[in-house]
Amino acid sequence: MAGWTSDSGDSDKFECDSDGEAGPSSAPAMRNFDAPGPSTLGSNGWINGEVPPTSLIERYVVMGFPKEMVTKSIKEIGHGDADALLELLLTYKALDDDDAVGNNHSTSGCILPVVENDDDLDFENWDGDDDAGGRESSSDDSGYEDFMREMSERDEKINSLVNMFFSEDEANRAIIRCGADVDIFVLVDSIGASQVAEDCHSRNLSDNQVTDRCFNSFGGRKKAILMEESRKKRKRYRGGGQGNRPSLDGSDEESTPLPNPMVGFNLPGYRGPSVTRMLSKLDTGPPFFYYENVARAPKGEWAKISRNLFDIQPEFVDSLHLCAAARKRGYIHNLPIENRSPLLPLPPKTIFEAFPHYKKWWPSWDTRTHLNCLQTCVASAKLTERIQRALVSSSNPPPKSVQKYVMDECKKWNLVWVGKNKVAPLEPHEMELLLGFPKDHTRGVGKTQRYKSLGNSFQVDTVAYHLSVLRRMFPNGVRVLSLFTSIGGGEVALHKLGIHMRVVVSVEIGEANRRILRGWWDQTQTGALIEIPDVKSLTDERVASFVSRFGGFDLVIGGSPCNNLAGSNRHHRDGLEGKHSALFYDYVRILNFVNSAMGGRRL
DNA sequence: AGGATCATGAGGACAGCA
DNA sequence: TGCTGTCCTCATGATCCT
């Protein structure tokens, strides 16, 4: 059982380890001076000075602010203080809206995300300022020919927008806001921004409520194309609470739509729309937090999760895009999303890259290139036997009906071809490889337990990609509060990123998981590991004690139990109120208390 | 007693089609 | 617009075995 006895023992160990690892240079590990304070980051998560003004103009324009207004605001107060800039823009916007629309808007404008639209976007080399400068300079032309060209462009774009079923008035206003020289898709985004902004106003949401709820609900070239093609998609943009837009009033009636493709805010090497999000200053770290759970939770559950985590929009990612196995997960975090970098070397991205030796037995009619989600249970020997019998008694290639039966089972149970007509479940060490863990990470506990632990864990490369932004921010290491640690996916990710963990306070109920983590930690880490078995025993007082002792935490990370959310659960898929998944509220409780104890925001 | 093995769909998203 | 088919899902509970 958890208790102060084990904790105090660990506490002693911590101080001992700390001393032990600390040469003169690392001695300040217990001090806070090396952790960047709020001044290191702007409220939008950009590191100061990294975003040039031209890019800023473009970003705010796509949010729905007129270009002239943005330029004027930046001239007035500069671009160093994003909060002040936003405040000024909102004020101007409110005044402008009062004049233009006659609505009695408050200054709480709807702050919207920016969707980068450049088709040539290269995430690994992109500097975030591709063509904004070019567009900016072209708008300075003032000759007659330019004027006529602009008018012609303007008419053309209005026609295009009208053809997309926007009203002429909406099209006109967008062009006034953004200029006639911008891409048609910027105009589409701008109209969407205004619609959601109006929606937000009409629902009387506060700034913080709308900031991230509006995020990702529209925008992007791809969506614009879809909109042109489909009346159904068009509804998504035109508002009125229809379609797939996330609920803005927090009701559970609408589900949070899962993106397709499920690539999150961005992915290494993915050439598609990338997103730049803005968080309110109160929502940014430190402490940074990172929460994870299954993407395909019952309807309304992600809206609930988001509501409890500062209304931050989830980032849904299918690890399929990073490794050879699917893993559809939602992540809510307040980490910056620019300048991420993947773990190198990149993991094998297909089944054959991961397991080339299976190619020998792989039938041509099994067209899988990726495995499905790795779960906590594997197929029975009887099932693989049945499959083998079906194949042996069939011709080669087998008839379609047999192929379908075999393929259905192979997909369902993630079976691989290990011999002639012979399929088998993945071995635990193969799952470790796919999930990004070191080989034999889970070795030492029973095989069934290994499957269970691995099935419940993070996909390390995916998580590491998100956490990679911490490397530059914490060159001297991080202090981590790890909730529902499992087998330490977050810790392995940080380690593989080269981020030193000065201390990890880990909460994990499973004895086998704790043993796995401890075994890995002792082999690879020099920092302190404090283990707490039961999250319920991590009381507010105890959190306060840790915060006081370590000077705070830099990262609160964890994925709460999915048992009652996961589709595989046929018995008790009860949502967040379920027996296990209700522990999510302990994550919220503890995160809030850490925030509060560190002088930050509390819900 | 505890680990290993086995059988057990519902629910939701989405594409295709009339 | 609504119907239909297809696909996928961090699991649970009963039973067997050692």
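In the text below, chain A, chain B and the rest are named by the order of the sequence lines, each starting its count at 1.
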Can you list the steps and then say if A/Phe310 with A/Phe289 is a ring-ring contact (aromatic ring centres under 6.0 Å, His included)? CA-CA 11 Å; A/Phe310 313 105; A/Phe289 75 91; 5.6 Å; yes
Considering all heavy atoms of both residues, which atom of A/Val463 and which atom of A/Ala493 are nearest to each other, and what is their separation? CG1-CB, 4.3 Å
Who pairs with A/Asp366 by side-chain contact (heavy atoms from CB on, under 4.5 Å), at least two apart in sequence or on another chain? A/Trp362, A/Pro363, A/Arg368, A/Met407, A/Trp417
Looking just at side-chain N and O atoms, do A/Ser482 and A/Ser506 make a donor-acceptor pair shorter than 3.5 Å? no
By ring pair (Phe, Tyr, Trp, His ring centres under 6.0 Å) - contacts of A/His466 (at least two apart): A/Tyr290, A/Tyr331, A/His333
Respond yes when some side-chain nitrogen or oxygen of A/Lys447 is under 4.0 Å from OP1 or OP2 of B/dG3, and no when none is. no
Is any side-chain nitrogen or oxygen of A/Arg296 closer than 4.0 Å to OP1 or OP2 of B/dA10? no
The criterion is ring pair (Phe, Tyr, Trp, His ring centres under 6.0 Å); which residues satisfy it with A/Tyr291, sequence neighbours excluded? A/Phe584, A/Tyr587
According to the Watson-Crick and G-U wobble definition with distances under 3.5 Å, which dot-bracket string, read 5' to 3', encodes DNA chain C, using [ ] for crossing pairs and | for pairs with another strand? |||||||||.||||||||
Will you find, in the side chains of A/Arg573 and A/Ser568, an N or O donor that is under 3.5 Å from an N or O acceptor? no
Between A/Lys382 (NZ) and B/dA4 (C1'), how many Å, whole number? 13 Å
What contact category does A/Ala381 fall into here, base, sugar-phosphate, or nothing, at under 4.0 angstrom with non-hydrogen atoms? sugar-phosphate
Would you indicate, yes or no, if B/dG11 has its OP1 or OP2 atom less than 4.0 angstrom from a side-chain nitrogen or oxygen of A/Arg573? no
Would you indicate which nucleotide in C/dC7, C/dC10, B/dA4 comes nearest to any side-chain atom of A/Cys373? C/dC10
Could you check whether A/Ser380 gets within reach of a base, just the sugar-phosphate, or nothing at all, counting any heavy atom under 4.0 Å? sugar-phosphate
Counting the atoms with a prime plus P, OP1 and OP2 as sugar-phosphate, which does A/Ser560 contact under 4.0 Å by heavy atoms, base, sugar-phosphate, or nothing? base
Round to the nearest Å and state the distance from A/Tyr451 atom OH to B/dA4 atom C1'. 12 Å
Flag for A/Ser306-A/Gln313: side-chain donor and acceptor within less than 3.5 Å: no
Rounded to the nearest angstrom, tell me the gap between atom CG in A/Asp318 and atom P in C/dC7. 17 Å
Closest to the A/Lys411 side chain, choosing from B/dT5, B/dA15, C/dC8: C/dC8
NA contact type, A/Arg368, heavy-atom cut-off 4.0 Å: base, sugar-phosphate, or nothing? nothing
Per-nt protein contacts along nucleotides 11-18 of chain C (heavy atom under 4.0 Å; B base, S backbone sugar-phosphate only, - none) come out as BBS-----
Atom CD of A/Glu301 and atom P of B/dG12 are separated, to the nearest Å, by 10 Å
Closest-nucleotide 5' rank along DNA chain B - winner of A/Gln449 and A/Lys412: A/Gln449
With side-chain hydrogen bond (donor to acceptor under 3.5 Å, both in side chains) as the rule and sequence neighbours excluded, what pairs involving residues 449-459 of chain A come up? A/Glu432-A/Arg450, A/Thr442-A/Arg450, A/Gln449-A/Ser453, A/Ser453-A/Asn513, A/Gln459-A/Asp461, A/Gln459-A/Thr462
On DNA chain C, check which nucleotide each of A/Lys404 and A/Leu374 is closest to and give me the residue with the more 5' one. A/Lys404
Protein-nucleotide distance (A/Glu385, atom CD; B/dC6, atom C1'), rounded to Å: 13 Å
If I pick the P atom on B/dC14 and the same atom on C/dC10, what distance separates them, to the nearest angstrom? 15 Å
Just do the side-chain contact (heavy atoms from CB on, under 4.5 Å) check on A/Phe352 and A/His357 with the steps written out, would you? CA-CA 8 Å; A/Phe352 289 154; A/His357 54 292; over 6 Å; no
Roughly how many Å is it from CH2 in A/Trp302 to C1' in B/dA13, rounded to a whole number? 17 Å
Taken to the nearest whole Å, CZ/A/Phe316 to P/B/dA13 is 11 Å
Find the distance A/Asp408:CG to C/dC7:C1' and express it as a whole number of Å. 9 Å
